Amino acid sequence: MWSTRTADGLVVRAPAKVNLFLEVLGKRPDGYHDLATLLVAVSLYDTLEFKEDRSTAFALDLAPQAEATPGEARPPLSTGQENLICRAAELLRLRTGHAGGVRVRLHKRIPLAAGLAGGSTDAAATLFGLNRLWRLGLTRERLAELGAELGSDVPFFFSAPAAWCTGRGEIVTPLRLGGPLWLVLACPPAGLSTAAVFRALTIPDEPVDGRALQASVARGDVEETGRRLFNRLQTVAERLCPSVAEVARLLADCGPAGSLMSGSGTTLFALCRGPDEAGRIASRVRNARGKPVSRAYVVRSCF
Ligand code: C5P
């Protein structure tokens, strides 16, 4: 997470994430699933502008969208109490007793319901930004604990750029990347609800082991990493949303080191051998017949 002071507040950049590996180990008594997953933060960002407000009010507004994406069937983004930014601010006020007001403007670029943790990264950025703006003095560990109350993916963003995550996803072990990763993110026009994907899943009898992938990521071996990409939720998402399977075939046909769906979908990514290959694949994906992809981005792993 990056923050910059402005004359009357703070700007925070909140990165998206992709999962290079995701296995489901079992269903828990609390209704969640135990996971083993490797997360990497990437250079597609939402931006949050925080401005102190003399009142005790909290207000969130959306900056006008730079990109029009006609034909997308994603849920609209709420600026009400169910938005994770509002819930993060409320939680922080509740736990610290801080009574100050703030105005937040969100520049939303990360697609919704896309498996890129757009809501979770905004929640993490809010905890991080308000901790600094309000001079609360909470440690990253404490912020990550509060984040876990808001969503399973939120704590990761306090350990980015890469981590191995277990439990619901909230137990985070930071990882070193052996080298930069270049990816093309390809988003089908429809999103999927994470809860719906988990509901449709059959728990595997023999989980796939992610240690070899962890080792290849640490060595910076892109070819080996590409061969070992794995996501248990992908076949489920392909059943619920046929365009996931279509985009998976399109990416594989482009010949990257590997390709996979991120999280519970619907975004898929191609792991590329460098920026030139990523640029080539992105333009092929954008121009594919029948427009199965509504947005494509060339990104790299964050530092
Ligand atoms: O934690 P988060 O709110 O992001 O999760 C959204 C939904 O995804 C949960 O309500 C649950 O249905 C499902 N989920 C799960 N196991 C996880 C993470 C999420 O079943 N480890």
Side-chain angles (χ1 to χ4, degrees), residues 1 14-42 46 74-78 80-92 94 106 108 110-128 143-160 163-173 190-204 207-210 230-241 244 260-267:
M1 221 116 33
K17 63 81 179 157
V18 295
N19 305 67
L20 301 189
F21 178 88
L22 192 164
E23 179 57 296
V24 182
L25 305 174
K27 183 140 190 198
R28 302 155 45 121
D30 62 8
Y32 281 83
H33 293 80
D34 274 317
L35 307 180
T37 186
L38 197 159
L39 298 183
V40 177
V42 296
D46 284 348
R74 294 179 189 279
L77 181 61
S78 152
Q81 267 316 304
E82 56 286 0
N83 188 301
L84 278 176
I85 295 175
C86 305
R87 289 180 46 208
E90 201 44 51
L91 182 67
L92 207 54
L94 197 71
L106 171 63
K108 190 76 199 161
I110 304 172
L112 306 185
L116 299 172
S120 300
T121 193
D122 292 348
T126 303
L127 295 173
F128 180 82
L143 293 173
E145 273 172 28
L146 292 174
E149 296 186 36
L150 297 164
S152 311
D153 285 337
V154 179
F156 161 71
F157 291 100
F158 295 99
S159 297
W164 182 253
C165 302
T166 55
R168 281 190 293 130
E170 88 289 12
I171 304 172
V172 180
T173 307
L192 274 174
S193 133
T194 303
V197 174
F198 275 104
R199 265 198 308 276
L201 169 81
T202 307
I203 310 281
V208 171
D209 187 336
F230 177 77
N231 185 344
R232 177 65 61 188
L233 302 178
Q234 182 162 342
T235 47
V236 184
E238 288 177 356
R239 248 188 293 128
L240 297 176
C241 180
V244 172
L260 192 73
M261 185 183 80
S262 180
S264 56
T266 51
T267 299

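What you are looking at is a predicted structure, and each value in this text was computed from that prediction instead of being measured. Read the numbers this way: they start at 1 and go in the same order the structure lists the ligands and their atoms.
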Visitor: Determine, for Asp34 against Lys27, whether the closest basic-nitrogen to carboxylate-oxygen distance falls under 4.0 angstrom.
Guide: no
Visitor: What heavy-atom pair brings Ser262 and Leu116 nearest, and what distance separates the two atoms?
Guide: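 Looks like OG-CD2, 4.2 Å.
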Visitor: Heavy atoms only: give me the nearest Cys241-Thr266 pair and the separation to one decimal.
Guide: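 For Cys241 and Thr266, the tightest heavy-atom pair comes out as SG-CG2, 4.0 Å.
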Visitor: Please list, by chain and number, the protein residues whose heavy atoms come under 4.0 Å of ligand 1.
Guide: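 Gly31, Tyr32, His33, Leu35, Gly151, Ser152, Arg168, Thr194, Ala195, Phe198.
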Visitor: Just checking, any donor-acceptor pair under 3.5 angstrom between side chains of Thr37 and Asn19?
Guide: yes
Visitor: For residues Asp153 and Glu170, determine if any side-chain heavy atom of one lies less than 4.5 Å from a side-chain heavy atom of the other.
Guide: no
Visitor: Can you check whether Met261's main-chain N or O pairs, donor with acceptor, with Gln234's side chain at less than 3.5 Å?
Guide: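 Checked: pair present.
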